Amino acid sequence: GNAFDFGNLQTARRDPGSTASTTRIVYGGGDSDGSTVVNTIGYNTIATVGNASDFGNLTQARRVVGTGNITRGLFFGASSSSTRALYAGGQGPSLTNVIDYVTIASTSNATDFGDLTVARAGNPSTSNSTRAIWMGGYEPGYNGTIDYVTIASTGNAIDFGDLFDKKGQGGA
């Protein structure tokens with residue numbers, strides 16, 4: 001069928017990190033006007049149509065800005081289990097290796113989870129109920145590092161290996 005209007009974000013933004021559980025969509029950070037980096041986290045309840053609500057704040061504002069021929073479309077990676085959402089990397093104003101987390105079912109500010117092995121942005125991510133994985137990115141220059149964490153614990157990411165080619169800005 002056709003798509004319909006689900007609601008609006010708290011404020012217009014681009015390049016946030018977004019992920020979800022079975023009940024909530026949570027998104028954080030981004031760029032609100034082309035030059036203002038934000039640290040806000042918003043959420044929507046999946047079962048109801050309506051505008052986003054305030055969830056809390058990331059530990060630091062982050063987004064990605066253009067560098068050389070890398071102009072837009074870079075983001076920071078977000079992954080989740082059914083319980084936690086994790087936000088990793090990004091830029092604001094310099095590249096960061098910080099991993100934040102929130103408990104999806106309760107609104108609050110993000111807490112520091114640990115660090116990626118390399119500060120970067122544009123790092124695609126994926127997850128299952130146990131692990132979150134971030135691959136590649138831009139630091140400047142493309143990166144081939146694959147990092148992972150166990151979502152239920154906290155701590156620094158562990159190097160999982162390398163991509164076949166150094167890449168960023170992809171999907172996972």
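Please read all numbers here as calculations on a predicted model, not as lab measurements. Side chains are part of it too, since the values below use all heavy atoms of this structure and drop only hydrogens, waters and symmetry mates.
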Residues forming a side-chain hydrogen bond (donor to acceptor under 3.5 Å, both in side chains) with Arg84, sequence neighbours excluded: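 None.
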Please enumerate all residues that pass side-chain hydrogen bond (donor to acceptor under 3.5 Å, both in side chains) together with Asp162, with sequence neighbours excluded.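 Asp162 satisfies side-chain hydrogen bond (donor to acceptor under 3.5 Å, both in side chains) with no other residue.
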Backbone N or O of [Y] within a donor-acceptor pair of the [X] side chain at under 3.5 Å?
X: Thr45; Y: Arg24; answer: no
X: Ser125; Y: Ala78; answer: yes
X: Arg62; Y: Val98; answer: yes
X: Ser80; Y: Ala20; answer: yes

Is the closest side-chain heavy-atom distance between [X] and [Y] below 4.5 Å?
X: Thr107; Y: Asp54; answer: no
X: Val118; Y: Asn97; answer: no
X: Thr145; Y: Trp134; answer: no
X: Leu116; Y: Ile99; answer: yes

Between [X] and [Y], is any side-chain donor less than 3.5 angstrom from a side-chain acceptor?
X: Thr40; Y: Gln10; answer: no
X: Thr59; Y: Asp112; answer: no
X: Ser106; Y: Ser108; answer: no

With a cutoff of under 4.5 Å between side-chain heavy atoms, which Ile, Leu, Val, Met, Phe, Trp and Tyr residues group with Tyr27?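 Reading the cluster by chain and number, Tyr27 sits alongside Leu9.
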Tracing side-chain links under 4.5 Å among I, L, V, M, F, W and Y, which residues wind up in one group with Ile25?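 Under the 4.5 Å side-chain rule, Ile25 groups with Ile46.
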Sequence neighbours excluded, every pair satisfying ring-ring contact (aromatic ring centres under 6.0 Å, His included) that has a member inside residues 41-63: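 Sorted pair list: Tyr43-Phe55.
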Any pair counted as side chain to side chain donor-acceptor pair (under 3.5 Å), so long as it reaches residues 146-158, sequence neighbours left out: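 Counting only pairs at least two positions apart or across chains, the side chain to side chain donor-acceptor pair (under 3.5 Å) contacts touching residues 146-158 are Thr117-Asp147, Arg120-Asp147.
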Roughly how far, to the nearest 0.5 Å, is the [atom2] atom of [Y] from the [atom1] atom of [X]?
X: Tyr87; Y: Thr19; atom1: OH; atom2: OG1; result: 7.0 Å
X: Asn51; Y: Phe6; atom1: CG; atom2: CZ; result: 10.0 Å
X: Ile146; Y: Ile158; atom1: CD1; atom2: CD1; result: 14.0 Å
X: Ile104; Y: Leu86; atom1: CD1; atom2: CG; result: 9.0 Å

If you take all heavy atoms of [X] and [Y], which pair is closest and at what distance?
X: Gly29; Y: Pro16; answer: O-CB, 3.5 Å
X: Arg13; Y: Gly28; answer: NH1-C, 3.9 Å
X: Gly136; Y: Asn123; answer: O-CB, 3.5 Å
X: Ala121; Y: Gly90; answer: CB-CA, 3.8 Å

Among Asn39, Val102, Asp100, Asn57, which residue meets the side chain to side chain contact (heavy atoms under 4.5 Å, CB included) test with Asn109?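 Going through the options one by one, the only one that passes is Asn57.
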